[in-house]
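Each chain gets a letter, A, B and so on, in the order the sequences are listed, and its residues count up from 1. All of these numbers come straight from a predicted model, not from anything done at the bench.
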2 protein chains.
Amino acid sequence: MTSQAACSPWLKPEERKRERNEKREAVLSAAVKSFNEQGFRATSLDDVAASLNVTKPTIYYYFKTKDDILFECVRRGLEGIRDAAEAVEATNGAGMDRLRALLNDYAVTMTKDFGMCVIRTSDHELTPESRTKFRGLKREIDETIRRVIEDGMADGSIARGDARIATFTVTGALNWIAKWFDPSGPLSSEDVAAAAVETLMAGLAPRHAGTETD
Amino acid sequence: MTSQAACSPWLKPEERKRERNEKREAVLSAAVKSFNEQGFRATSLDDVAASLNVTKPTIYYYFKTKDDILFECVRRGLEGIRDAAEAVEATNGAGMDRLRALLNDYAVTMTKDFGMCVIRTSDHELTPESRTKFRGLKREIDETIRRVIEDGMADGSIARGDARIATFTVTGALNWIAKWFDPSGPLSSEDVAAAAVETLMAGLAPRHAGTETD
DNA sequence: ACAGTTTCTTACTCATGAGTATCATATCTA
DNA sequence: TAGATATGATACTCATGAGTAAGAAACTGT
C-alpha cells in the first residue's frame, strides 16, 4: 500500500458500499421530511429526487416502490419505540417509574423525523401488506405499555381504572406531540417530553403537600 | 286546498327546497364517512357518487369543489366544539369544573363523523384559503381551552404548570379518540369520553383518601 | 302549448405522478 | 482490451381522478 492509496479518487469496495448506503439514507431523510411536511400522497418522488439533485429513476435504484420508502420510515420510528419499550419493561421497579421512563422515550421519539412520520401516516396510505406489519408493530407497543400500566395498577403505584383507555389516552397525548412540535422552535424535545409526561403522570388536579407517598 | 294536496306527487316550493337540502346533506354524510375511512385523497368523488346511486356531476351540482366538501365537514366539526367551548367559558365556577365539562363535550365530538374528520384531515389537504380558516378555528378552540386552564391554575383548582403544553397534552389525548374509536364497538361515546377525561383530570398517580379537597 | 328552471347523465379534457424501457458512462475484474 | 457491474439520465407509458361541456328529462308558471 502506498500513501497515495489513502487519497486516491478510486474507492475501495467497502467504501463504495458505504457510499451507496449513505445515498440510500439521504433519500430516506429527504423523503421523510417531505412526507412530514406535505403528506405522503402530496409528495412526489420527482420532487424528492430534485431536492437531492438527481432524477426519479435514481430513487428507484435505491428503493423498489414509494410504499417501500414510506414503510421503511415508519418501521424505523416504530422499532425505535418498541425496543425502548421492551427494554423498560424488562427492568424492575414500580410500574409508575417504569412507565415514566417509557413515556419519556416515547415522547422524545415523537419529536424526531421517523417518529413524526409514524403518527402522520394513516393506515390507508400503505399497501395491505405494509399496513398489516404497521398495525402489528403498533399493537406490540400498545400492549407493552398496557402491561406496564397494569403492573402499576397491581402494585398500587398507578391509579386503578380501565387500562386500555388509559393506554390510548396517554399514548394519544404523546402522539399528538408529533403534530405540533417544531424542532426549530424554542422548546427542546426533552423539555416538551418532560412537561407532557409530567402532566399525564400527575394529572391536572392539584396535589397536596405530603400526599405524594404512602 | 283540497285534501288531495297533502299526497300530491307535486311538491310545494318549500318542500322542494327541503329536498334539495336533504340531498346536500346526504352527499356530505357519504363524503365524510369515506374521508374518515379511506382518507381525503384516497376518496374519489366517483365513488362517493356511486354510493348514493348518482354520478359525479350530480355532486358538483351541490358543491363547487372537492375542497368545499371537505371544508364544510371540518367546519361543522370545529364549530360544534367552538360553540361548546365558548358556552362553557361563559359559565362561572372553578376552572377545574368548567374544564371537565368542556373536555367532555370535546371528547364526545371526537367520536362523531365531523369531529373525526377534523382530526383525520391534515393541513396540506386543504387549499390555502380553507387552510387559513381551518387553522383559525382550531386556534380559537385551543385558546379558549388554555384560558380555562389558566383560570383554573389561578384559582387553585388546577395544578400549576405550562398551560400551553398542558393544553396540547389534554387536547392531544382527546383528539386521539378520533383515531381509534369505533362507533360499532362495545364502548359508547359517553363511556369513552368520561374515562378519558377522568384519566386526564386525575392523572395516573394514585390519590389518597381525604386529599381530594382542601 | 311554450319558455324557463331544476336536476341529473353521458362523454369528454386535462394534469399529475408512479413506475419502466432504454441508453450512457464510469469503474472493476480478468 | 473485453466483458461485467454500478450508477445515473432521457424519454416514455399508463392509470387515476378532478372538473367540465352539452344535453336530456321532468317539472313550473304563463
Side-chain angles (χ1 to χ4, degrees), chain A residues 4-5 7-27 30-31 34-35 37-73 124-130, chain B residues 5 7-27 30-31 34-35 38-73 124-130:
Chain A
Q4 280 286 357
C7 53
S8 158
W10 289 278
L11 303 171
K12 296 177 194 161
E14 64 267 29
E15 295 229 43
R16 288 176 67 86
K17 200 164 188 177
R18 192 184 52 80
E19 261 209 348
R20 180 185 163 94
N21 212 53
E22 259 177 30
K23 288 180 182 173
R24 207 183 125 99
E25 291 296 314
V27 170
S34 191
F35 292 163
E37 277 164 32
Q38 337 266 315
F40 176 68
R41 288 192 121 95
T43 295
S44 83
L45 293 187
D46 281 310
D47 289 345
V48 173
S51 78
L52 294 165
N53 303 317
V54 292
T55 56
K56 187 167 57 176
T58 298
I59 290 186
Y60 281 90
Y61 179 65
Y62 293 96
F63 292 92
K64 204 165 169 299
T65 66
K66 194 186 180 192
D67 177 75
D68 278 2
I69 300 176
L70 177 60
F71 184 69
E72 176 70 15
C73 292
H124 47 75
E125 290 174 322
L126 292 156
T127 61
E129 299 74 43
S130 300
Chain B
C7 52
S8 160
W10 290 278
L11 301 172
K12 294 178 196 163
E14 63 267 30
E15 296 227 44
R16 288 175 69 85
K17 200 164 188 175
R18 192 184 51 80
E19 261 209 350
R20 181 184 162 97
N21 211 54
E22 259 178 30
K23 287 179 183 175
R24 206 184 125 100
E25 290 297 314
V27 170
S34 190
F35 292 164
Q38 337 268 315
F40 175 69
R41 288 191 122 97
T43 295
S44 84
L45 293 188
D46 280 312
D47 290 344
V48 173
S51 78
L52 295 165
N53 303 316
V54 292
T55 57
K56 186 168 58 178
T58 299
I59 290 186
Y60 280 91
Y61 179 66
Y62 293 95
F63 291 92
K64 205 164 168 298
T65 65
K66 194 185 180 192
D67 177 76
D68 279 2
I69 300 177
L70 177 60
F71 184 69
E72 176 70 13
C73 292
H124 46 73
E125 290 174 322
L126 292 157
T127 61
E129 299 75 42
S130 301

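Following rounding to the nearest Å, A:Phe63 (CZ) and D:dG8 (P) show an atom-to-atom distance of 13 Å. Atom CG of B:Leu70 and atom P of D:dG19 are 12 Å apart (whole Å). Straight-line distance from the OH atom of A:Tyr61 to the P atom of D:dA9: 13 Å, rounded to whole Å. For A:Asn53 and D:dA9, the CG to C1' distance is 14 Å, given to the nearest whole Å. Rounded to an integer number of Å, the gap from A:Lys64 NZ to C:dA18 P is 16 Å. The distance between atom NZ of A:Lys23 and atom C1' of D:dG8, rounded to the nearest whole Å, is 9 Å. As a whole-Å value, the separation of A:Ile69 CD1 from C:dA18 C1' is 11 Å. In this structure, A:Leu52 places its CG atom 14 Å from C1' of D:dG8, rounding to the nearest Å.
For the atom pair OG1 of B:Thr55 and OH of B:Tyr60, the computed distance is 12.0 Å after rounding to the nearest 0.5 Å.
Every residue two or more places apart in sequence or in another chain that forms a side-chain contact (heavy atoms from CB on, under 4.5 Å) with B:Ser130 is listed here: B:Asp67, B:Phe71, B:Leu126, B:Thr127. Remark: B:Arg24 pairs with no residue by the side-chain hydrogen bond (donor to acceptor under 3.5 Å, both in side chains) rule, at least two apart or across chains. Scanning for side-chain hydrogen bond (donor to acceptor under 3.5 Å, both in side chains) contacts around A:Glu25 gives A:Arg76, with sequence neighbours left out. Judged as a salt bridge (Lys or Arg N to Asp or Glu O under 4.0 Å), and not counting sequence neighbours, A:Glu37 has no contacts.
Taking the side chain of A:Thr58 as heavy atoms from C-beta on, and the options C:dT9, D:dG8, C:dT7, the nearest nucleotide is D:dG8. Comparing atom distances between the A:Arg20 side chain and each of D:dA9, D:dT7, C:dC8 picks out D:dT7 as nearest. The side chain of A:Tyr62 lies closest to D:dT7 when the candidates are C:dG19, D:dG19, D:dT7.
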Report all side-chain donor-acceptor pairs from residues 42-51 of chain A shorter than 3.5 Å, counting only partners two or more places apart or in another chain.
unit_1	atom_1	unit_2	atom_2	d
A:Thr43	OG1	A:Ser34	O	3.2
A:Thr43	OG1	A:Ser34	OG	3.2
A:Thr43	OG1	A:Gly39	O	2.7
A:Ser44	OG	A:Asp47	N	3.1
A:Ser44	OG	A:Asp47	OD2	3.3
A:Ser51	OG	A:Val48	O	2.7

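A:Phe40 has its side chain within reach of A:Lys66: a pair of non-hydrogen atoms, C-beta onward, lies under 4.5 Å apart.
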Nucleotides 11-17 of chain C: which of its N/O atoms have a protein N/O under 3.5 Å away?
none

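The shortest distance between the side-chain N/O atoms of B:Thr55 and the OP1/OP2 oxygens of C:dT9 is below 4.0 Å.
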